[in-house]
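Here's the structure we're looking at; comments come further down.
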Amino acid sequence: MPAPRLHAIACGVVRAAGAQTEGAHAFGPARPRPVPPSPAGRFGWTPDERVPPAPEFPADAVTEALAAARTADPARVRVLSGTAHRNAVVWFPAMQRAVVVRRFAPAVAVRRERGFYSEHSVLEAIHTTYEDGAPAEPRAPRLPRAPRVPRVLALGRDAEGSFSLHTYEGPLPGPSRVTPDRLTPRHPVNGLRVREADALVDQLAALTRVDCAHLEPAAGRPEFFAWLRAELVRLVASLPAPVLARATASGLPDPAALETLLAPLTVTPRTPGLLHGDLNPWNLVRLPGDDLALIDWELALTGDPLYELVRHLHLAPARPSLRTRMLHRWSRVLPPDRTAGWERDAPVYAHLERLRSAYLDLDRIVTGTALDAPNVARAVRRYGRTLSAARASLAALGGVAGTAP
């Protein structure tokens with residue numbers, strides 16, 4: 001089948017960004033480029049020179065963290081599985097702190113959604129922007145603080161491949177009470193509290209003020225929505241034949257029909273900003289004081305700020321009253337150039353996300369991919385509701401939903 005026309009748009013955007021962005025990647029988190037051997041090689045790993053050494057976490061501490069994560073020492077390590085990474089939370093009694101060793105795990109998941117930035121570059125951009133002072137925006141109230149995101153302590157390669165070492169985001173128990181079970185971040189899996197929801201909206205607003213120029217010189221492109229439609233078509237076209245067959249039998253369009261269905265859709269152009277890209281509950285960590293930390297940035301991108309909030313509301317459970325509160329708070333804390341037309345456009349983004357989930361979750365059911373990840377396990381259990389929502393969106397958009405599989 002010929003590649004859909006919108007797929008060509010997406011490929012063009014990706015090539016343009018990749019040509020201009022050092023370290024940009026097409027699928028999943030970027031792997032560090034090989035670098036010449038350095039003195040740190042004697043520690044059993046080679047640093048990636050894009051991330052300078054962290055003074056508070058020397059090379060021998062990195063070596064210790066890698067060794068503990070490798071052996072999964074039950075006295076000090078908690079291993080957490082995600083859809084694309086294996087994360088090991090390692091406790092350092094002498095430092096009274098925990099760190100996270102992150103490794104891309106291609107054997108765990110085939111990630112069909114694409115990331116375009118190196119995670120470490122995104123985190124550096126956030127910290128740099130707010131350490132230097134967030135830029136003022138006209139008509140936008142001054143935000144109280146920077147987004148809560150991890151810091152990258154080290155980036156490199158060892159015998160097992162590439163790794164990154166992040167600060168641990170989450171409350172720690174008292175020193176005498178630290179056990180691996182207590183090194184598990186708490187996530188709002190059953191929904192946000194009111195003050196947490198307010199904190200998240202404020203952080204999304206803060207992210208739009210991050211300087212993305214060095215991440216993507218083409219940031220600010222007006223065709224984000226056309227690219228987003230194209231990405232959904234590309235994703236569907238990339239599914240294995242058995243998944244596509246099951247999708248069409250379930251009433252979901254094939255790639256060509258999906259392209260035709262989405263082509264007339266438009267949204268109001270809005271000033272783009274930095275987006276996390278995957279704010280499901282397991283990428284939010286509860287902190288004291290009803291605050292939240294935002295983790296796992298491998299799907300970050302630059303785009304319409306409204307899309308970020310609508311995607312979060314699709315991925316996370318929330319009462320209707322809380323959804324309304326979040327949308328209205330968001331419309332107040334961002335300036336008009338980032339919110340114009342949001343009430344008309346929010347349902348359009350919601351339709352796209354319902355369709356995306358119907359395809360992606362069916363792919364996981366058929367292929368058995370990443371079923372150990374908690375967000376995937378829950379999505380699979382709820383697939384009947386996901387498919388019903390997608391069929392309702394197809395009907396609203398003018399598509400035809402078929403019979404149940």
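Below 30°, between 30° and 60°, or above 60°: for W342 and H328 the angle between ring planes is above 60°, a perpendicular geometry.
The side-chain contact (heavy atoms from CB on, under 4.5 Å) test applied to D198 returns V194, R325, R329, not counting sequence neighbours. When the ring-ring contact (aromatic ring centres under 6.0 Å, His included) test is applied to F57, the partners found at least two apart in sequence or on another chain are F92.
Side-chain contact, T268 with D345: a donor N or O sits under 3.5 Å from an acceptor N or O. No hydrogens or angles considered: a donor-acceptor pair under 3.5 Å links the side chains of W45 and T63. Judged by distance alone, the side chains of T184 and R78 do bring a donor and an acceptor atom under 3.5 Å apart. Side chains of S357 and H314: a donor-acceptor N/O pair is present below 3.5 angstrom, by distance only.
Aromatic ring centres of Y349 and F225 lie closer together than 6.0 Å. Note: W227 and F116 meet the aromatic proximity criterion, with ring centroids under 6.0 Å apart.
Atoms CD1 and CZ, on I295 and R102 in that order, are 7.5 Å from each other to the nearest 0.5 Å. To the nearest 0.5 Å, the span separating CG on L261 from CG on L397 amounts to 5.0 Å.
Judged purely by atom type and a 3.5 angstrom limit, Y130 uses its side chain to pair as donor or acceptor with the backbone of A206. The backbone N or O of G277 sits less than 3.5 Å from a side-chain atom of R311, completing a donor-acceptor pair.
The nearest pair of heavy atoms linking S164 to L155 is CB-CD1, 3.6 Å.
Considering only heavy atoms from C-beta on, W297 comes within 4.5 Å of I126 through its side chain.
Checked against R151 for a salt bridge (Lys or Arg N to Asp or Glu O under 4.0 Å), the options E131, E124, E56 give a single hit: E131.
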